[in-house]
Each structure stands twice: as C-alpha cells, then as structure tokens.
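Right, one structure below, let's go through it.
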Amino acid sequence: MGRLISLIFLAALAYGGLYFYYGHVVRQAIDQQLEARGLTALEVQRVGYAPLAPLSTQATIRAEVSYRGADATVTVRLHGHPIFSDEVRMELDGLQNLRLRFGVNG
C-alpha cells in the first residue's frame with residue numbers, strides 16, 4: 001500500500017511539473033509569435049489551458065494580453081505539442097473579452 005501511494009505521489013509530482021512547464025513554454029511561444037508579427041507592445045499577462053492539455057497534441061489556450069489601457073482575452077488553438085513536437089502551429093481562434101480602462105493619471 002505504501003508503494004502505491006509513493007507511486008501516485010511521484011506521478012502527481014511529475015505531472016505537476018509538466019503542467020507548469022507547459023504553461024511557460026506556451027507563453028514563450030505566444031510571445032515569439034507576437035514579436036514575429038511586430039506586436040511587441042502587446043504583453044501577455046496570463047495563459048490558461050485545460051488540465052489535460054499537456055497530455056494532448058491539440059489544445060485550446062486562453063491568453064490574456066494587454067496594451068496600454070486595454071486588456072483582451074484571446075483564444076488560440078495549438079496543434080502539436082510545444083515540448084515534445086518539432087513543429088507547432090498556432091491559430092488565433094477568437095476574441096473572448098475586451099476591456100478598456102478609462103481614467104486620469106494624476
């Protein structure tokens with residue numbers, strides 16, 4: 001019984017590391033795509049994905065980006081695995097949310 005618990009703990013620890021590293025790699029890939037298109041003023045705030053996305057070669061990613069007084073949430077389709085595949089293709093799926101901030105800095 002102790003070995004089973006140890007095995008489950010090790011598998012959970014390995015998957016947790018893969019989950020967080022996947023997020024880091026996806027964020028870097030989105031940053032690279034924005035930079036390649038000359039959109040360096042856009043800043044990626046957060047990246048969100050399904051819990052099982054690191055185990056799949058296709059995933060839907062939610063990226064929150066900001067530019068000056070505007071924040072947006074966009075959906076990106078990812079084809080290929082950013083960690084294990086040689087070729088990864090990203091497609092912009094749609095704009096989910098757009099938030100504008102108005103105010104006076106004083």
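Residues take their numbers from the sequence shown, with the count starting at 1.
Heavy atoms of other residues, nucleotides or ligands lying less than 6.0 angstrom from CD of Glu87 number 12 at most. The number of heavy atoms from other shown groups lying within 6.0 Å of CZ (Arg77) does not exceed 12.
Here the straight-line distance linking atom CG of Leu18 with atom CG of Leu13 works out to 11.5 Å at 0.5 Å rounding. Atom CZ in Arg37 sits 9.5 Å away from atom CG in Leu92 (nearest 0.5 Å). The CD1 atom of Ile30 sits 9.0 Å away from the CZ atom of Arg27 when rounded to the nearest 0.5 Å.
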Ignoring hydrogens and angles, write down the donor-acceptor pairs under 3.5 Å from the side chains of residues 56-63, residues two or more places apart or on other chains.
| residue | atom | partner | partner atom | Å |
| --- | --- | --- | --- | --- |
| Ser56 | OG | Gln58 | N | 3.1 |
| Ser56 | OG | Gln58 | O | 2.8 |

Please list, one pair per line, the donor and acceptor atoms closer than 3.5 Å that link side chains of residues 68-75 to other protein atoms, with sequence neighbours excluded.
| residue | atom | partner | partner atom | Å |
| --- | --- | --- | --- | --- |
| Asp71 | OD1 | Arg101 | NH1 | 3.4 |
| Asp71 | OD2 | Arg101 | NH1 | 2.5 |
| Thr75 | OG1 | Gln96 | NE2 | 2.7 |

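Listed by first and then second residue, the ring-ring contact (aromatic ring centres under 6.0 Å, His included) pairs involving residues 26-71 are Tyr19-Tyr49, Tyr22-Tyr49 (not counting sequence neighbours).
Nearest heavy-atom pair, His81 versus Pro54, reported as atom, atom and distance to 0.1 Å: NE2-O, 2.6 Å.
Cluster membership for Leu10 and Phe20, using ILVMFWY side-chain heavy atoms within less than 4.5 angstrom, is not shared. Under a hydrophobic clustering in which Ile, Leu, Val, Met, Phe, Trp and Tyr are joined whenever their side-chain heavy atoms come within less than 4.5 Å, directly or via other members, Leu4 and Phe9 fall into different clusters. No continuous path of ILVMFWY side-chain contacts below 4.5 Å connects Leu55 to Ile8, so the two sit in separate hydrophobic clusters.
Ion pairing of Glu91 with Arg89 is present here, as a side-chain N (NZ or NE/NH1/NH2) and a carboxylate O approach within less than 4.0 Å.
No hydrogens or angles considered: a donor-acceptor pair under 3.5 Å links the side chains of Ser66 and Gln45.
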Determine, step by step, whether Val44 and Glu64 satisfy the side chain to side chain contact (heavy atoms under 4.5 Å, CB included) criterion, reporting the C-alpha distance in whole Å, the side-chain angles of both residues, the deciding distance to 0.1 Å, and the verdict. CA-CA 6 Å; Val44 178; Glu64 292 185 21; over 6 Å; no
Stepwise, does the side chain to side chain contact (heavy atoms under 4.5 Å, CB included) test hold for Leu78 with Val26? CA-CA 9 Å; Leu78 191 64; Val26 166; 4.1 Å; yes
